[in-house]
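Bear in mind the structure is a predicted one, so any value in this text is a computation, not a measurement.
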Amino acid sequence: MKSILNIQYEKFKLKNNLDVVLYQDKTLPIVAVNIWYKVGSANEKPGKTGLAHLFEHMMFQGSQHVPKEMHFRYIQEAGGTLNGSTSIDRTNYYESVPKTALEMVLWLESDRMGFLLPALTQEKLDNQKGVVANERRQNYENQPYGLAWEKLFAALYPADYPYHWPTIGWMEDIQSYTLDDVRNFFETYYSPQNASLVIGGNFELNEAKELVEKYFGEIPNNTVVPELNVEFPELDETKKIIHKDNVQLPRIYLAWISDKLYGPDDAALDILSDVLTGTKNSRIYKSLMFDKQIAQDVSSFQYSAKLNGSFIIMSTPKPGVEIHTIREEIFTQIKSVIEDGITDEELQRSVNSFKSSYIYSLQNLNNLVDQINNYNCYLNEPNSFLYDIERYEKVTKEKVVEVADKYLNKNFVELNVVPK
Amino acid sequence: MIIDRTKKPAEKGELNFSLPEIKRFSLKNGLNVIFVEKKNLPITQLLLFVNGGSKSDPVNKKGLAFLTSMLIDEGAGGLDALALDNEIELLGSILRCSANQDGFSVSMLTLSENFDRSLELFSMVVTGPHFNEGDFEREKKKQLTKIIQLQDDPEYIANTAFRKILFDKTPYQPPVIGFHETVENITVEDVRNFYANTFTVQNSTLIVVGNISQSELHKKLDLQLGGWKTGDGYKIDLPAIKKPERATYFVHKEGAAQSELRIGTISPGRKSPDFYARTIMNSILGGQFSSRINLNLREDKGFTYGAHSSFNFNRKAGSFVVSTGVESEHTEESVREIFKEFDGIKQKVLPEELEFSKSYLIKRYPSMFETYSQVAGNLSMLPLYDLPDNYFNTYIEKLRRVTLENVLDAARNTLRNENIVTVIVGDKKILNGQFSNYPEKIIKLDSAVILSPGSI
């Protein structure tokens, strides 16, 4: 069964250094185009946070040969779907369209890669600053517990560390962007050698190669992308912060600095998270939710990124239960994993879930092509599904205990969100 | 090579797409099965649709269907909640149970190699849930706590207020999760009876999409589900839904960072003959990114991250709503702009808008059948709305036939001025300034009233 994860692809570079991966799958008459630009909020500077995300919005505002609003309209008219997203490490743009519209999509993507600035106006920028400010209000400020993440990461990392600020940016920074900020950002980061293009689905290989060369080949490659040079961060002391919010129930968040994406401990930390809270039988979940019934929810994850990761545990106490009761139980369970180890069945349950989730993920072409691009950008090998699964298969019980001890026995940040 | 970028490249080639072939058969006890063989991956998706849902909750026990759906996989067929979950996780399968206004769904996604045991566990959940006292108390507390937490969520308050006003004095009025007072009334006996009355062969349809042959599937389903008890067909009489009276409601939310707006009214049910005209009308007005309302409020004014409209159908009723969260200081202007767009679409629709919407809806159709759960979800519309099997085959042709006049009629029939309800959830400090010249009376609602049983 694993053979279906061994995908066939072709990879080449254009003269301007644009990385291109072609993956053919003719199951449905659909083709997906996915571009990663290797820039995210980590590349921003304090005072101008959120610029990478704002920039993602500007990429939908038209380019030299594509009038405002037409980027969306052309793709929708062809029966396609499209979007983009910004993370701390990268920005992606993706569309999936009926196979007949491949050339149009490459025209649109190349136009905004090569010819965005001539179409940039103050009016468009002001409009999208308003939209992004409202995105921040809607998804963070007006959501219960919505500001917890930015409080947590701001405490976990020093003020100048690239993961200190939220991807959406601080509100006062969002208001401060100028046309020059946007231009400089484009000229620094949006060039062919900082991008990776994956085309997946129903198309002819030779035709796709010709089209990519035709539309992307002439885009000049004349910038040097600055490297991010930072040391692995350390938390000097355990911190506790209290944030008052419009909520009925308090919530506790615990955060540790952990291994980076595809780092040697990353997969074991994923499994640790699953062993602690991933299922009804997981350690903390079972204790808080079944045995003691003192929490409404509990979850955890290894949030791993390019420079390093963060390991997070969060839980909402039931009405009348104190936060410290929950915290004590969480630490009791962590200690028990470290001292007594985990069972074969706990490990197997977790590995099996990861393995089947990879097979399920092949169902959706957009997701699949985005994962291929992830592998291409982080591992320089698009066909890494098997490698990725083997990372989990190779984890031993001892390794899970080792990473629990190594990362969760260190300083951490505790955030308490409490009712106003 | 010099290329001409000024012209949009034309589409190339033919788009051939054949819809999945829908097969029907029934098990030895009469359980109806809808099956699509899909072989591109070693996966099978099971989805049981059970007619019932919160519309069947007794008035003083709203939230019963929700609690039943939470409890159904908390122990079944001799395995307690933890043992059952442990087995499912070891198989790498995914089980989900949920309730909505019209029914329940129990779904399981499994690898083909683990299909047999997954089907067995799925059948245990469907036919033999334990409903133990201890599990009941735990899940009921979870539901009650969730209801407390929902007080924090302005979108939930807006949706609940809107629904309560539109569907007043009907079974579609309360939120599926129920109210604190009504969930308190529920006993474990209620759950057992509710399950016994609704989870019957006659009342259910099993949908299977997967990498398996029909004969093999039929044999396996007969073995696992063929002995499921038959019972009386479930019946519920729904009262006629009255059109709401035009009104504007305001709910205060201390310190709200935005105002949540819900503007709309009731509409005919899913089987109304003008469904296709309404679909296109909605697409032009607010149903997709390039719609009039989103381009106006987001791309022109920058008041919102997004504004969209939709028809939401229940089995025997429907509603139309524009939903958005807007910057507090532009709340009144946003409401005004939405009404302007209502007036606009009743007066004029351009031929290019009609063509754009048809192109958008028709050409994206193949992508609606991509994943196993998408196909199963589409198929579940057949029993939910009582649609004919050729529904999917005639969909495109029926969209094509819609004329400009049909779209205008759909707009005029949907958006009658005298029946439009506006709900605003925001901070009351915005009321005095921007709403001082508002042409209608604003009815202030307390969120405690919205989140309690009864009319508003």
Open item on the list: Could you tell me if A/R73 sits above the aromatic ring of B/F356, with its cationic atom closer than 6.0 Å to the ring centre and no more than 45 degrees from the axis?
Closed with: yes
Open item on the list: Need one label for B/K301: side chain, backbone, both or neither, based on atoms under 4.5 Å from any heavy atom in chain A.
Closed with: backbone
Open item on the list: Is a donor from one side chain sitting under 3.5 angstrom from an acceptor on the other, for A/Q248 and B/D152?
Closed with: yes
- [ ] Pick one of side chain, backbone, both or neither for A/D245, based on which atoms fall under 4.5 Å of a heavy atom in chain B.
- [x] neither
TODO: Name the region of B/L90, side chain, backbone, both or neither, that has any atom closer than 4.5 Å to a heavy atom of chain A.
DONE: both
TODO: Assess whether atom CD of B/E352 is packed by more than 12 heavy atoms of other residues, nucleotides or ligands within 6.0 Å.
DONE: yes
Task: Per-residue contact mode, A/Q293 against chain B (heavy atom under 4.5 angstrom) - done: side chain
Open item on the list: Taking NZ in A/K286 as the centre, count heavy atoms belonging to other residues, nucleotides or ligands within less than 6.0 Å. Is the count above 12?
Closed with: no
TODO: Flag the one option from B/Q258, B/R5, B/E11, B/K363 with the top tally of heavy-atom pairs under 4.5 Å to chain A.
DONE: B/R5
TODO: Examine whether an atom of A/L365 lies under 4.5 Å from a heavy atom of chain B, and if so say whether it belongs to the side chain, the backbone or both; otherwise answer neither.
DONE: both
Open item on the list: Is it the case that over 12 heavy atoms from other parts of the model lie below 6.0 angstrom from the CD atom of B/E133?
Closed with: yes
Task: Contact class of A/I30 relative to chain B, heavy atoms under 4.5 angstrom - done: side chain
Task: Min side-chain heavy-atom separation B/I212-B/K38 under 4.5 Å - done: no
- [ ] Please look at B/I43 and chain A and tell me whether the side chain, the backbone, both or neither of the residue comes under 4.5 angstrom of a heavy atom of that chain.
- [x] side chain
Open item on the list: If I measure from the heavy atoms of chain A, does B/D85 come under 4.5 Å with its side chain, its backbone, both, or neither?
Closed with: both
Task: Side chain, backbone, both or neither of A/Q64 within contact of chain B (heavy atoms, under 4.5 Å) - done: neither
Task: A/K26 atom NZ: more than 12 heavy-atom contacts under 6.0 Å - done: yes
TODO: Pick one of side chain, backbone, both or neither for B/K141, based on which atoms fall under 4.5 Å of a heavy atom in chain A.
DONE: both
Open item on the list: Counting heavy-atom pairs under 4.5 Å with chain A, which one of B/R298, B/K7, B/R364, B/K8 comes out on top?
Closed with: B/K8
TODO: Answer with side chain, backbone, both or neither: which region of A/S96 has an atom nearer than 4.5 Å to a non-hydrogen atom of chain B?
DONE: neither
Task: Heavy-atom contact with chain B under 4.5 Å, split by part of A/F290 - done: both
Open item on the list: Report which part of B/E355 has an atom under 4.5 Å of a heavy atom belonging to chain A: side chain, backbone, both, or neither.
Closed with: neither
Task: Side chains of A/H71 and A/E69, donor plus acceptor under 3.5 Å - done: no
Task: Side chains of A/Q61 and B/E299, donor plus acceptor under 3.5 Å - done: yes
Task: Heavy-atom side-chain proximity of A/I389 to A/L5 below 4.5 angstrom - done: yes
TODO: Sort A/T81 into side chain, backbone, both or neither according to what part of it lies under 4.5 angstrom from a heavy atom of chain B.
DONE: side chain
Task: Any side-chain heavy-atom pair of A/Q138 and B/Y305 under 4.5 Å - done: yes
Open item on the list: With a 4.5 angstrom heavy-atom cut-off, is it the side chain or the backbone of A/Y358 that approaches chain B, or both, or neither?
Closed with: neither
Task: Selection residues 343-369 of chain A - residue pairs positive for salt bridge (Lys or Arg N to Asp or Glu O under 4.0 Å), sequence neighbours left out - done: A/R283-A/E346, A/D344-A/K397, A/K355-A/E393
Task: chain B contact via A/M289 - which portion, at a heavy-atom distance below 4.5 Å - done: both
Open item on the list: Tell me which one of A/K124, A/Q122, A/Q128 satisfies side-chain hydrogen bond (donor to acceptor under 3.5 Å, both in side chains) with A/D126.
Closed with: A/Q122
Task: Under 4.5 Å from any heavy atom of chain A - which part of B/E155 - done: side chain
Task: Mutual orientation of the aromatic rings belonging to A/F115 and A/H65 [parallel < 30°, tilted 30-60°, perpendicular > 60°] - done: perpendicular
Open item on the list: Does any backbone or side-chain atom of A/Y74 lie under 4.5 Å from a heavy atom of chain B? Answer side chain, backbone, both or neither.
Closed with: side chain
Task: Residue A/T27 versus chain B: region with a heavy atom under 4.5 Å - done: side chain
Task: Leading residue by heavy atom contact count with chain A [cutoff under 4.5 Å; candidates B/D153, B/I148, B/L109] - done: B/L109
Open item on the list: What I want to check is whether the side chains of B/T304 and A/N134 have a donor and an acceptor closer together than 3.5 Å.
Closed with: no
Task: Residue part contacting chain A, namely of B/Y365, when any heavy atom lies under 4.5 Å - done: neither
- [ ] With a 4.5 angstrom heavy-atom cut-off, could you sort out which part of B/S373 is near chain A: side chain, backbone, both or neither?
- [x] backbone
Task: Portion of B/N16 that has a non-hydrogen atom of chain A nearer than 4.5 angstrom - done: backbone
Open item on the list: If I measure from the heavy atoms of chain B, does A/I359 come under 4.5 Å with its side chain, its backbone, both, or neither?
Closed with: both
